[in-house]
Protein chains: 2
Amino acid sequence: MYLRYLEDLDTQGKQTASSDELAHLCGTTPAQVRKDLSFFGSFGKRGLGYPVHELTAHLREILGLEREWKVVIIGAGKIGAALANYRGFRQRGFKIVGVYDNDPTKIGQPWGEAIVHDMADLAQDIQREEAPIAVLAIPSDDAQEVVDRIVGAGIRAILNFAPAQITVPPHVSLKSVNMAMELEGLSFALTNSIVSRGAA
Amino acid sequence: MYLRYLEDLDTQGKQTASSDELAHLCGTTPAQVRKDLSFFGSFGKRGLGYPVHELTAHLREILGLEREWKVVIIGAGKIGAALANYRGFRQRGFKIVGVYDNDPTKIGQPWGEAIVHDMADLAQDIQREEAPIAVLAIPSDDAQEVVDRIVGAGIRAILNFAPAQITVPPHVSLKSVNMAMELEGLSFALTNSIVSRGAA
DNA sequence: GTAACTTTGTGAAGAATTTCACAAGCCACC
DNA sequence: GGTGGCTTGTGAAATTCTTCACAAAGTTAC
């Protein structure tokens, strides 16, 4: 989150930003900002604040965004398409090296700049390309089975959009985005009249 | 999350589940499960566990899922389409009452079972329909402006897919899903060889 | 050069969350 | 009806996270 705002400030040509400014932008407190950043190093200058451009570079380094990550997208449906369309991905160093589906009517069809590949080739392609990240955008029923296959092929991180709880070995990183669950959280907030801090 | 698993257990015909079972399913600890559930009431039976079907109903009640929520989708792009396609929504009581875009080539076109409406009508439709929830699936640049308009029209909760930080008054609930940020989290985990507990 | 002002970095205090551990309750079997 | 085996609910302890508050360090103005 800090990176997102610092990039904005950087393009605006801002030289430095205080923990107070960053806190207001991010909806947190100055002390929190300083503690968070101090975990990774001592980036600020007393009396001045944090050097925006330099700190941006540091955070990109910390997050591992200075290199290119190869990503495979599994599932050539609407979610997959939304992801592939999203410019932010390539900008941030995520390169989509393949799109896979098991629907014969989709395989071989053009899909953005790429072509939809047969899911049967997925495992060997992951190994050959050494793609470490997979985005899973397929129906829930098949999710765990596909996960097991790509874990076997050496995938190291999975971003899961299937509304299913899946399991991976400890050396594989997993993030799940469950849109129904997000909406249910809003339903809970509305039902119980929860008042926010105004940002999320 | 508990609800998701309890529903699975329920359809499997399981009568009761212990905190230990739920903890294993959800990747947490038995004590955590008991503390969490005890916050809302005393649902379990000592020696037996929690009554699956009954607890499911309780949780649905707590989350406010026993009623129907009207939802407007803003942005008739890929993300909006993915959401509208997603059966889970209606199943869980979220009814899409309108899809809006400001692209003249899209307005009036059929879109799933609905028709794309002109964004100009958005505010008055929200008021007329009394739709409390909006899903924002539009480019970042316009996000805050649209948010201000729908907040003015009385929206009470927003699920934001635009990769922008937006601000709402305290009485409006906001959840943001930022796919680039999720991937960056995975990049961080890979870069720093973080070992997970095996589920997320 | 120095005085007034800003802002970081960080121990210590405070608050929140998670885990522990065990009494109390329920079931099943004899 | 009593006994043994489970499992919850929950205070208390342990841990983690956040906030406070201030010395140290830098900047600006003159």
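Naming: A, B, ... by sequence-line order, numbering from 1 per chain.
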* Asked: When the distance from CZ of R34(A) to P of dT6(C) is rounded to whole Å, what number comes out?
  -> 15 Å
* Return no unless some side-chain N or O of S42(A) is found under 4.0 Å from OP1 or OP2 of dG9(C). => yes
* Asked: Separation of E21(A) atom CD from dT8(C) atom C1', in whole Å?
  -> 14 Å
* **Phosphate-side-chain proximity, Q32(B) and dT17(C), N/O vs OP1/OP2 below 4.0 Å** => no
* For I138(B), which of V146(B), V147(B), N160(B) qualifies under side chain to side chain contact (heavy atoms under 4.5 Å, CB included)? -> V146(B)
* Asked: Is any side-chain N or O of S38(A) closer than 4.0 Å to OP1 or OP2 of dG9(C)?
  -> no
* More than 12 non-hydrogen atoms from neighbouring residues, nucleotides or ligands closer than 6.0 Å to CD on Q124(A), yes or no? -> yes
* Asked: Are the charged groups of E129(B) and K95(B) less than 4.0 angstrom apart, N to O?
  -> no
* Asked: CG of D20(B) versus C1' of dA21(C): gap in Å, rounded?
  -> 15 Å
* To do: Kindly say if Y50(A) contacts the phosphate of dG26(D), meaning a side-chain N or O under 4.0 Å from OP1 or OP2.
  => no
* To do: Map G47(A) and F43(A) onto DNA chain C by nearest heavy atom, then report which one ends up closer to the 5' terminus.
  => G47(A)
* Gap between atoms CG and P, on L37(B) and dT10(D) respectively (whole Å) -> 12 Å
* To do: Using atom NE2 of H24(A) as one end and atom P of dT7(C) as the other, report the distance to the nearest whole Å.
  => 13 Å
* Side chain of R46(B), base of dT8(D): donor and acceptor closer than 3.5 Å? -> yes
* **Separation of dT8(D) P from D36(B) CG (nearest whole Å)** => 13 Å
* Asked: How many Å lie between CG on L48(A) and P on dT8(C), as a whole number?
  -> 9 Å
* Asked: Are OP1 or OP2 of dT7(C) and a side-chain N or O of S19(A) less than 4.0 angstrom apart?
  -> no
* Asked: What about K35(A): does its side chain form a donor-acceptor pair under 3.5 Å with the base of dT19(D)?
  -> yes
* To the nearest Å, how far apart are K45(B) NZ and dC27(C) P? -> 6 Å
* Asked: Using the ring of each side chain (for Trp, its six-membered ring), is F43(A) parallel, tilted or perpendicular to H58(A), with breaks at 30° and 60°?
  -> tilted
* Asked: Is it true that K45(A) and E54(A) have a side-chain N and a carboxylate O under 4.0 angstrom from each other?
  -> no
